[in-house]
Every structure is written in structure tokens, then in C-alpha cells.
Amino acid sequence: MSTNVVDRRRVNGPARSVEPLYTSADTAESFVNGREDKRTLDQVRPIFMKTGPLSAQESELSLSATASAASGSAFYEQGKIRISCAVYGPRQGRKSNARMGSFDCDFRYAPFSCSWKRRSHIKAADEKEISLMLEHAIAPAIRVEAYPKACIDAFVTVIESDGRAATIAAAINCISAALADAGIEMYDSVAACSMGLRGSQWVADCTQSEEDVSSCSVLIAFMPSADEITYILQHGKSTPEQTDQAVQTCTNLCTRVYAVICRYLQSSLV
């Protein structure tokens, strides 16, 4: 009887293995010739935003039921990123004895918004994860104690995406504008910005092509008036010095984005 028995239920690996080769961050290609869109390394893409009903013509029959029922809405555009947000509430919450209100967020990509394939009828795992990120980033700015037994819901739809981290940052900015349009009491508006590390250089507001070649990305949500970071997310490796540099640069960029949001909100009241 043969003693060489092969277990066909086990996946047999190769007899010899080779250690994978990783690209060193120090030898990665840097932006020697500048960026494709001619921006500087610490410059965000141009921002356009609009609050209120998104219909441009008053002669239309009516707005959609979703838009008309919303307490506040906003459209945010940053480069090729386009996001819409509708805020509902404050309305009756799920807990009748809650002393503080709650904030919930629903984040979704449109099926045609991304370069990767998505199924519109199924909510992907990354959308659920991003929804929680947005809740954690925005909730500290809302005066939930002013809305006992109530809930505030935000529904975010990404119409076009250009950079995963930059899209999440733009969603935070869009929600802040929609909450202001809904008249929700807040301690401060939240502004967000992202950066990518390529070689030894931090690049602000990376596009998808720039993000694909970045070894690390950092996303920060910041309340400038309160000088408080509400959320920070990092993917990839960086030294403590590089991380500190990214945080300092991101907070400065958040202050610039915050100024743009506040300037628009003030002009919309005139």
C-alpha cells in the first residue's frame, strides 16, 4: 500500500516561495513636473455649491416629492466631484424617551458615478462604512441636546466621484451646507479635506489617478471656529513627522474650505 497520500481537500502551496517586492516610498515618483491640472501641491479644486431646491426654473410643474419634503438640501461640486444631500428633520425619533436627538446618515454612490462597477439595488459594504464615517464627523457639530426625542437624517448621493478620500471630504462639506439650509442648530460648520502621500510629498485633494499612486492618504474633518478635529482617517503608512505635517496642512486647508462655505451661506441670506 502506498504511503504517499495526497489530501485533495487542502490547497498545496508551491515548493518554493519568493518574498514579494514592495515599492519604497522614498523611491516613488514625485510631482517633479507638477500636477495634471496645474494645481500646486497644497491647492484644492475649485468649489461650487448651492443650497435649497435644486430646480433652476420656477415654471416647472413641481419638484420631486423627495426634494419638496426635505428640510434642507445642498449641491456641492469640487472639480469633477458632484454630490447632492437632502436633510430631513428634526422629526420624531425612534426612542420616545431619549433626552438627546440623534443624527443618521445614508451615503450612496450613483451606479454611474464611479470608475469601478457598482450595483444600484444593493448597498455595498463601503457605503455603509462611509455612512458611519459621516455620522461620526458631523454629529459633534450638531446641538443634539436641543432636539430631545428627535432625529435628523441626511441622505447623500454621489453623482460623480473623482478620488475616494476626496469624495468623502466633499460629502462632509455638502452635509454641513445642507444642515445650515435646514436651520439645524450647530456649534460650528464642519469642513473636510484629504491629502495623499506620493514619495515624500503630501498632495492636497487628490484625484483618482493621483490617489491610485499614493502610498498613504489622510482625511480630516475640522471645526475651525471651535479649533476641534471631529474625525481623522488614515490609510497607509507614514512617519510621525509626515503625519504631523499632514494634519497641520489639512487643518489649514479645511479653514480655507470653511471660509468658502460660510461666504456662500452669508450671500444666500441676502
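Please read these numbers as outputs of a predicted model, since none were measured by experiment.
- When all heavy atoms of I175 and A154 are compared, the pair lying nearest together is CG2-CB, 4.4 Å.
- Here CZ of R143 is found 11.5 Å from CE of M100. Values are rounded to the nearest 0.5 Å.
- The minimum heavy-atom distance linking A182 with V87 is given by the pair CB-CG1, 4.1 Å.
- More than 12 heavy-atom neighbours from other residues, nucleotides or ligands sit within 6.0 angstrom of CE on M186.
- Under the 3.5 Å distance criterion, with hydrogens and angles disregarded, no donor-acceptor pair is assigned to the side chains of S113 and S161.
- Put simply, the side chain of S267 gets close to the backbone of Y264: a donor and an acceptor are under 3.5 Å apart.
- Rounding to the nearest 0.5 angstrom, the gap separating the CZ atom in R256 from the CD atom in Q43 is 8.5 Å.
- Atom-to-atom distance recorded for R108:CZ and K128:NZ is 9.0 Å, nearest 0.5 angstrom.
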Where do D153 and R91 land on the side-chain contact (heavy atoms from CB on, under 4.5 Å) test, with the steps shown first?
CA-CA 9 Å; D153 299 318; R91 55 188 180 182; 2.6 Å; yes
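- Residues V260 and Q78 have side chains not in contact (no heavy-atom distance under 4.5 Å, counting atoms from C-beta outward).
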What do the steps show when you test R45 against I81 for side-chain contact (heavy atoms from CB on, under 4.5 Å), and what is the final call?
CA-CA 9 Å; R45 284 168 280 188; I81 299 175; 3.5 Å; yes
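- Classification of the Y88-F155 ring pair by plane angle, with boundaries at 30° and 60°, yields perpendicular.
- Using a 4.5 Å heavy-atom threshold, the side chains of K237 and C216 count as separate.
- In this structure the side chain of E160 never reaches within 4.5 angstrom of the side chain of F112, judged on heavy atoms.
- Annotation for D205 and A166: closest pair OD1-CB, 3.4 Å, computed over non-hydrogen atoms.
- The heavy-atom pair separating D104 from E135 by the smallest distance is CA-OE2, 3.6 Å.
- Atom-to-atom distance recorded for H235:NE2 and S214:OG is 12.5 Å, nearest 0.5 angstrom.
- A distance-only check finds no donor-acceptor pair linking the side chain of D188 to the backbone of A141 [under 3.5 Å].
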Go through the steps for I152 and L179 under the test side-chain contact (heavy atoms from CB on, under 4.5 Å), then give the verdict.
CA-CA 9 Å; I152 301 169; L179 288 171; 4.1 Å; yes
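- Checking Y258 against S225 by side-chain atom types alone, a donor-acceptor pair falls below 3.5 Å.
- Y187 and I229 sit in two unconnected hydrophobic clusters of ILVMFWY residues. Membership requires side-chain heavy atoms under 4.5 Å apart, directly or through other members.
- Within the 4.5 Å cutoff, side-chain heavy atoms of D227 are placed close to those of F222.
- Between A74 and A178, the closest heavy-atom pair is CB-N, 3.7 Å.
- At a threshold of 4.5 Å between non-hydrogen side-chain atoms, the residues E129 and F107 do not count as touching.
- Residues I168 and L219 share a closest heavy-atom pair of CG2-CD2, 3.6 Å.
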Report the C-alpha distance between L233 and H136 in whole Å, list the side-chain angles of each, state the deciding distance to 0.1 Å, and finish with yes or no for side-chain contact (heavy atoms from CB on, under 4.5 Å).
CA-CA 11 Å; L233 176 69; H136 294 161; over 6 Å; no
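- Looking at T230, its side chain never comes within 3.5 Å of a backbone N or O of I138 through a donor-acceptor pair.
- Using a 4.5 Å heavy-atom threshold, the side chains of V218 and W202 count as touching.
- Remark: the backbone N or O of S73 is paired with a side-chain donor or acceptor of D181 at under 3.5 angstrom.
- Within the 4.5 Å cutoff, no side-chain heavy atoms of E210 are placed close to those of R198.
- A distance of 9.0 Å separates NZ of K80 from CG of D37, quoted to the nearest 0.5 Å.
- Remark: side-chain polar atoms of T157 are not paired, donor with acceptor, to backbone N or O of S84 under 3.5 angstrom.
- D212 and Q208 share a donor-acceptor pair across their side chains, judged by distance under 3.5 Å alone.
- For the pair L41 and R35, the minimum side-chain heavy-atom distance is below 4.5 Å.
- Distance CD/Q248 to CG/N252: 7.0 Å, rounded to 0.5 Å.
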